[in-house]
Amino acid sequence: MSKDLFERIKGDKGPLGKWADKAEGYYVFPKLEGPISNRMSFNGKKVITWSINDYLGLANHPEVLKVDGESAATDGMAYPMGARMMSGHTTYHEQLEQECAKFVGKEAAYLVNFGYQGMVSAIDALVSKDDVIVYDMDTHACIIDGVRLHAGKRFVYRHNDIESCEKNLKRATKMAEKTGGGILLVSEGVFGMRGEQGRLAEIVALKEKYNFRLLVDDAHGFGTLGDGGRGTGFEQGVQDGIDVYFATFAKSMAGIGAFFAGDKDVVQYLQYNMRSQMFAKSLPMPMVKGALKRLDMIRTMPELKENLWKITNALQSGLREAGFDLGTTQTCITPVYLKGEIPEAMAMVNDLRENHGVFCSIVVYPVIPKGLIVLRLIPTARHTIEDVNETIEAFSAIREKLENGIYKKIAASIMAE
């Protein structure tokens with residue numbers, strides 16, 4: 001007889017799942033309550049919130065709430081019903097696509113319901129079994145999952161390593177010549193964990209030597225980088241060299257949805273071949289009208305981005321002056337690197353939240369190598385200099401305890417219970 005499928009699941013809960021009994025509800029699946037802002041409620045206390053991707057502070061902006069509420073009241077959350085190809089298409093969906101395309105300097109755009117789902121499906125649609133994919137090893141999980149669907153060959157290059165990228169482009173070129181296919185290179189505009197910009201200018205320059213198309217996931221660059229928040233391609237002056245540009249509404253736009261932009265024929269191909277959109281319900285009207293409002297505010301209110309960077313620069317310079325390692329971030333994403341194991345990280349974060357009133361994301365193995373802890377901070381336009389100063393003071397206090405072994409002792413007693 002075959003084994004019971006669930007036998008393995010019960011015995012091996014995975015590298016994170018094995019901590020579920022001690023972590024769930026606090027370290028993972030935590031409940032932040034109250035209006036989305038720089039300070040929210042957690043576990044009965046007010047905390048400075050550094051874990052919300054509301055870069056421009058639009059989530060609870062009065063103008064945004066007004067449009068969201070009016071659309072919900074008049075259109076409801078159900079309209080339009082059905083998939084867009086069949087019955088879920090409106091002039092507002094078209095308007096949002098046209099405005100997104102113009103904003104990022106592309107001929108056309110295609111609206112999708114969710115960024116993760118959309119990226120997986122777009123990669124699947126863009127390549128056939130004869131094509132070859134080349135991608136950065138640190139790309140987001142949605143890209144990895146899209147690559148896994150590929151029936152053909154793929155090559156991965158070392159993170160942001162142009163020499164490794166070119167080496168794999170050579171390998172891909174030889175393979176594509178054998179199969180008669182093409183090459184798709186995938187990178188992120190901003191790598192969400194490290195905060196580094198993808199080396200897009202150097203990748204685009206490789207087009208002079210190799211025949212490939214470039215897909216860029218700019219989830220964290222859209223709204224935060226480049227002229228007017230138009231993204232990493234504009235920041236580096238190579239937007240024209242990006243063949244398929246992707247951005248999500250879940251970060252700077254503080255909403256739901258995403259879009260792909262590029263030449264009209266490529267975008268039309270995605271419209272008719274992305275299975276995740278062909279067979280999925282259309283994005284509800286409040287999300288669409290709300291996104292139009294948010295995009296207009298990004299265009300017309302440069303002070304949002306300016307304040308975001310004022311806070312970002314104060315936070316990052318202050319942490320570095322205090323001796324913290326922020327790696328090589330070039331963006332708003334602020335990772336603070338510390339050394340320790342998962343139980344120590346749990347004790348440290350508990351102290352940070354309960355006694356210092358600071359809430360940030362904790363990143364541990366298997367997302368990063370064993371022995372490392374990353375406390376990941378996301379500044380927003382809603383944060384204040386007071387928030388920054390309190391956080392730096394708190395981080396200095398917990399670092400001292402970590403280095404003195406206090407958290408290791410606390411963790412040992414907790415694990416023994």
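Residue indices begin at 1 and follow the sequence shown.
Open room surrounds CD on Glu163; 12 or fewer heavy atoms of other groups in view lie less than 6.0 Å from it. Enclosure of atom CZ in Arg158 is not indicated, since only 12 or fewer non-hydrogen atoms of other residues, nucleotides or ligands lie within 6.0 angstrom. Heavy-atom neighbours of Met137 CE from other residues, nucleotides or ligands within 6.0 Å: at or below the threshold of 12. Within a 6.0 Å sphere centred on CD of Glu393, heavy atoms belonging to other residues, nucleotides or ligands number 12 at most. The neighbour count for Tyr26 OH, taken as heavy atoms of other residues, nucleotides or ligands under 6.0 Å away, is above 12. Heavy atoms of other residues, nucleotides or ligands lying less than 6.0 angstrom from CZ of Arg213 number 12 at most.
A salt bridge is absent between Asp161 and Lys167: the closest approach of a Lys/Arg side-chain nitrogen to an acidic carboxylate oxygen does not fall below 4.0 angstrom. With salt bridges taken as basic N to acidic carboxylate O contacts below 4.0 Å, none links Asp124 and Arg275.
Remark: the His89 side chain and the Glu94 side chain contain an N/O donor-acceptor pair separated by less than 3.5 Å. In this model, a donor atom of one side chain and an acceptor atom of the other lie less than 3.5 Å apart for Ser282 and His93.
The cationic group of Arg294 does not satisfy the cation-pi geometry with Phe249, failing either the under 6.0 Å distance to the six-membered ring centre or the 45° limit from the ring axis.
In this structure, the side chains of His61 and Met301 come closer than 4.5 Å at one or more pairs of heavy atoms. Taking 4.5 Å as the limit, every side-chain heavy atom of Thr224 sits out of range of all side-chain heavy atoms of Thr312. Side-chain contact between Asn168 and Val156 is absent, with no heavy-atom pair separated by less than 4.5 Å. Using a 4.5 Å heavy-atom threshold, the side chains of His150 and Leu184 count as separate. A 4.5 Å side-chain heavy-atom check between Trp50 and Arg376 finds every atom pair outside the cut-off. Looking at Tyr116 and Asp145, their side chains come closer than 4.5 Å, going by heavy atoms from C-beta outward. Annotation: side chain of Asp217 is in contact with side chain of Cys142 (closest heavy-atom distance under 4.5 Å). The shortest side-chain heavy-atom distance between Met40 and Phe359 does not fall under the 4.5 Å cut-off.
The two residues Ile256 and Leu283 come nearest to each other via the heavy atoms O-CD2, 3.9 Å. Pairing each heavy atom of Pro379 with each of Ile311, the nearest pair is CB-CG2, 4.0 Å.
The backbone N or O of Gly198 sits nowhere less than 3.5 Å from a side-chain atom of Glu188 that would complete a donor-acceptor pair. At least one donor-acceptor pair closer than 3.5 Å links the side chain of Glu97 to the backbone N or O of Leu111. Side-chain atoms of Thr334 come within 3.5 Å of backbone atoms of Cys332 as a donor-acceptor pair (strictly under, hydrogens ignored). No donor-acceptor distance shorter than 3.5 angstrom exists from the side chain of Asp54 to the backbone of Ala254, with no hydrogens or angles considered. Formation of a donor-acceptor pair under 3.5 Å by the Asp131 side chain with backbone atoms of Ser128 is found in this model. Without hydrogens or angle criteria, Ser71 side chain to Asp68 main chain gives no donor-acceptor distance under 3.5 Å. Remark: side-chain polar atoms of Asp296 are not paired, donor with acceptor, to backbone N or O of Leu292 under 3.5 angstrom. Counting only distance, with no hydrogens or angles, the side chain of Arg230 and the backbone of Glu235 share no donor-acceptor pair below 3.5 Å. One N or O on the side chain of Tyr269 and one on the backbone of Ala125 form a donor-acceptor pair closer than 3.5 Å. For the pair Asn53 (side chain) and Ile378 (backbone), a donor-acceptor distance under 3.5 Å is absent.
Note that CG of Leu96 and CZ of Phe103 are 12.0 Å apart. Values are rounded to the nearest 0.5 Å. Here CZ of Phe324 is found 6.5 Å from CG of Leu319. Values are rounded to the nearest 0.5 Å. For the atom pair CZ (Arg194) and OG1 (Thr331), the distance works out to 12.5 Å, reported to the nearest 0.5 Å. Once rounded to the nearest 0.5 Å, the distance linking CD of Gln271 with OH of Tyr110 reads 6.0 Å.
Partner of Ser121 under the side-chain contact (heavy atoms from CB on, under 4.5 Å) criterion, chosen from Met278, Met274, Gln277: Met274.
Between Phe395 and His356, the ring centre distance reaches or exceeds 6.0 Å. Taking the six-membered ring wherever Trp is involved, the centroid distance between the rings of Phe259 and Phe222 falls below 6.0 Å.
Among residue pairs with one or both ends in residues 245-267, those qualifying as side-chain hydrogen bond (donor to acceptor under 3.5 Å, both in side chains) are Asp218-Tyr245; sequence neighbours excluded. Listed by first and then second residue, the salt bridge (Lys or Arg N to Asp or Glu O under 4.0 Å) pairs that reach into residues 1-11 come to none, sequence neighbours excluded. Evaluation of the side-chain hydrogen bond (donor to acceptor under 3.5 Å, both in side chains) test over residues 317-327, restricted to residues two or more places apart or in two chains, returns none.
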